[in-house]
Amino acid sequence: MSSTASDAASATRVRPAGGKLRRDAGIIGLLFASLGGMIGSGWLFGPLQAAKMAGPASMVSWVIGGIAILLLAFVYAELATAFPRSGAVVSFPKLSHGNLMALVMSWVVFLGYASVAPVEVMAVLSYANNYIHGFVNPKTGILTALGFWVSFAMLGFFVLLNSFGIRWLLRINSTLVWWKLAIPTLTVIALLIAAHHGANLTSHGFAPAGAEGILSAVATSGIVFSFLGFRQAVELAGETSNPQKYIPIALIGSVILALILYLALEAAMIFSVAPGDIAHGWANLHFVGIAGPFAGLAALLGLGWLAVLLYIDAVVSSGGTAIIYATTTSRVVYATGEEGLMTPLFSRVMGPGVPWVALIVTFLFGVFFFFPFPSWQKLVGYISSVSVLSYGIGPVVLLTLRKTLPVEQHDRPFVMRAPWVIAPIAFIVSNFIIYWSGAETDNFLFGMLAVFFVIYIIYEGFKVRSLAHLRWRGAWWLLPYFFGMWLITRLGPANLTGGDGLLPFPWGMLVVAIFSLFIIALAVNSGLPDPEEARLALQAGEPPNIQAR
C-alpha cells in the first residue's frame with residue numbers, strides 16, 4: 001500500500017462495530033480521576049525516599065517535579081481539548097506523525113500504565129504485611145507465594161470494578177478521593193502538632209547530597225511517579241460531554257492541588273522526625289519493618305489512632321489509584337484497536353460502554369509485574385522513566401500540529417500561549433527526568449523497546465514481504481532520540497545517573513538540553529505534511545465512537 005493510500009485509509013477508516021463509549025464523565029469526575037491517579041502509594045512511600053536522597057531539600061525536589069508535570073499539563077490541555085478521544089495519548093502521535101510512531105509510542109504508554117496498578121497492589125500488601133505477616137519478604141520487599149496469589153485476586157477485583165461503566169467507576173473514585181485528600185491533610189496537621197523539630201532543616205545541611213541528590217530524587221524516589229496520574233483526564237477526554245471546558249481545569253487544577261499536598265507532607269515528615277533518628281544522616285533514616293514513614297512516625301509519637309487510619313488508607317489510596325489506572329490502561333489498549341494500530345478486537349465494547357477485551361489484556365499483562373522485582377522504589381523509577389518518555393511526546397505533537405495546522409486557520413478550543421517556548425522546555429524537562437532515572441533504568445527501558453521493534457519489523461517483513469508501507473518519515477527520528485538519551489545517560493556522572501562519569505555534573509544536563517532541542521526540531525520536521533485526519537477532527541469537533549447521553 002502506498003503512503004497516500006495508507007493516509008486515505010487511515011483518515012476514512014471504518015469504525016469497529018462493538019458498541020460505543022459514553023460521555024458520562026463530568027468536571028468533578030475528571031478532576032478527581034487525575035487526583036485519584038496522583039494520590040496513591042506515592043504519598044505513603046515517596047516522602048521518606050526523597051528525604052533519604054535529598055534531605056530537607058527534598059521539598060525543592062517536589063517543586064521541580066510539580067513544575068515539570070505542570071508544563072506537560074498545559075501541553076496536554078490543548079491536545080486533549082482539540083482531539084478528545086479515549087486513550088488519546090495513542091491517538092495524538094498518529095494524528096501528527098502516522099501509524100508507525102503511534103505504534104511505538106503505544107508500547108511505551110502501555111508499559112508505563114500497565115505496571116502502575118500492580119505496584120499499587122504491592123504497596124497495599126507492603127503496608128498490610130506489618131499486621132498480617134506473610135505477604136511480603138521484609139528483607140527484600142518481594143512478594144511471597146501467598147502475596148502473589150492475594151495480589152492476583154486483588155488486581156482482578158480492581159479490574160472487575162471497571163465492568164460497571166465509566167459513570168459508576170468515576171463515582172467510586174470520587175468518593176475515594178475525598179478520603180484520599182482528608183487523610184493526608186489530617187496527617188500533616190497531627191504530626192506538626194505532635195512534634196516540630198525546626199533544627200532538622202539544617203542539622204545535617206539543607207541539601208546533604210547536593211544538587212545531584214535533589215535531581216535524582218525527582219526521578220527515582222517516587223516524586224515524578226506521584227504526579228504521573230495527572231493524565232487520567234486526558235485518557236478519558238472522549239467520555240465527557242464538555243472536554244473544552246472540563247479538561248484544562250481537571251489537568252492543571254489536579255497538578256496544583258497535588259503539589260500543595262505533597263509539599264505539606266514532605267515538610268511534616270522532615271520536621272516531625274526525632275533528631276536522634278537522623279543522627280547518622282538522612283540517608284540512614286528508616287523504620288522498623290516495611291511500614292511507610294507516616295505510619296512509623298505516628299507510632300513513634302504515640303498517635304496510635306493515626307497509625308490505624310494510615311494502615312486503612314494504604315488500602316484506600318493505593319487501591320483507588322489501582323482502580324483508576326486499570327480504567328485508563330484499558331482505554332490505551334482500546335485506542336490501539338480503535339486507531340487501527342492493533343487488532344480491532346481490542347476496541348470491542350459491551351454493555352454500559354465497557355471495553356471488555358482491553359480490560360482482560362490489562363489484567364493479564366499486569367500479573368507479570370507481580371513476579372520478583374527488587375523493590376517498590378526500583379519499580380517506580382522504571383515507571384517514572386517509561387511514563388515520562390511517553391508524556392514527552394506531547395510537546396512534539398503539539399508543535400508539529402501547530403506547524404501543519406496553524407491556529408490562525410484551524411482554531412482550538414484551548415490554546416496554550418507561547419507554545420514555541422513552553423513546549424521545548426517541557427520536552428527538555430521530560431528528558432531530564434529520563435536522564436535522572438539512571439543508566440540501569442534506561443538500559444532496561446530502551447533495551448526492551450529495541451527488542452519489541454525488532455520483533456515487529458520481522459513480523460511485518462514476513463507478513464507483507466516489504467517494509468515500504470510503514471510510515472518511516474514520521475518515526476525515523478525516534479532511533480537517534482532513544483539511542484542518544486541512552487548514550488548520554490550512560491556517560492553521565494556515577495552519583496546521579498550511575499553512568500561512566502565522562503559527562504560530569506552539570507555538563508551532562510547541558511548536553512541533554514541541547515540534544516532535546518535538536519531532536520524536537522527533527523521531530524517537528526518529520527511530521528505528516530498534510531495531517532488529514534487531524535484536520536477533519538478539528539473541523540468536526542466530535543470525538544469518534546462516542547455515545548452521547
Side-chain angles (χ1 to χ4, degrees), residues 36-50 65 108-129 135-137 140-144 147-159 162 176 180 219-232 258 262 290-293 313-330 332 361-391 433 437-438 440-441 444-445 448:
M38 285 189 282
I39 305 175
S41 63
W43 90 266
L44 295 168
F45 293 95
L48 172 62
Q49 299 299 334
V108 179
V109 173
F110 181 72
L111 288 172
Y113 273 33
S115 53
V116 175
V119 80
E120 295 294 345
V121 170
M122 291 171 66
V124 172
L125 293 188
S126 294
Y127 256 77
N129 199 73
F135 293 142
V136 178
N137 184 318
T140 64
I142 294 174
L143 294 172
T144 64
F148 174 84
W149 289 110
V150 173
S151 298
F152 183 92
M154 193 177 295
L155 180 64
F157 173 71
F158 293 150
V159 171
N162 279 268
L176 293 178
K180 292 164 74 171
T220 61
S221 71
I223 289 177
V224 166
F225 171 78
S226 298
F227 284 112
L228 291 178
F230 88 94
R231 213 169 59 181
Q232 307 303 320
Y262 280 123
I290 316 178
D313 185 72
V315 177
V316 176
S317 286
S318 301
T321 301
I323 292 171
I324 201 65
Y325 262 98
T327 305
T328 50
T329 303
S330 67
V332 168
V361 173
T362 297
F363 170 72
L364 293 177
F365 194 87
V367 169
F368 285 101
F369 286 91
F370 292 136
F371 290 96
F373 275 90
S375 66
W376 180 89
Q377 185 185 358
K378 288 287 186 181
L379 190 51
V380 300
Y382 154 73
I383 293 171
S384 298
S385 184
V386 70
S387 298
V388 168
L389 179 61
S390 69
Y391 286 20
I433 294 171
S437 295
E440 182 181 353
T441 298
F444 180 72
L445 168 59
M448 187 164 49

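This is a predicted model, so every value here is computed, not measured.
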Distance in Å, F363 CZ paired with F152 CZ, rounded so as to fall on 0.5 Å steps | 3.5 Å
What's the shortest heavy-atom distance between V108 and L389, and which atoms?
-> CG1-CD2, 3.9 Å
On a heavy-atom basis, the closest approach of G366 and P118 is O-CG, 3.2 Å
In Å and rounded to the nearest 0.5 Å, what is the NZ to CE distance from K180 to M38?
-> 10.0 Å
About how many Å separate CD1 of I433 and CZ of F227, when rounded to the nearest 0.5 Å?
-> 10.5 Å
Report yes or no: does T144 contribute a side-chain atom to a donor-acceptor pair with the main-chain N or O of F135 at less than 3.5 Å?
-> yes
Does the side chain to side chain contact (heavy atoms under 4.5 Å, CB included) test come out yes or no for F365 and T329, once each step is laid out?
-> CA-CA 11 Å; F365 194 87; T329 303; over 6 Å; no
Nearest heavy-atom contact between A326 and T362 is O-CG2, 4.1 Å
Give the minimum heavy-atom separation between G147 and L125, together with the two atoms involved.
-> O-CD1, 3.4 Å
So which heavy atom on A117 is nearest to which on A322, and how close?
-> CB-O, 3.7 Å
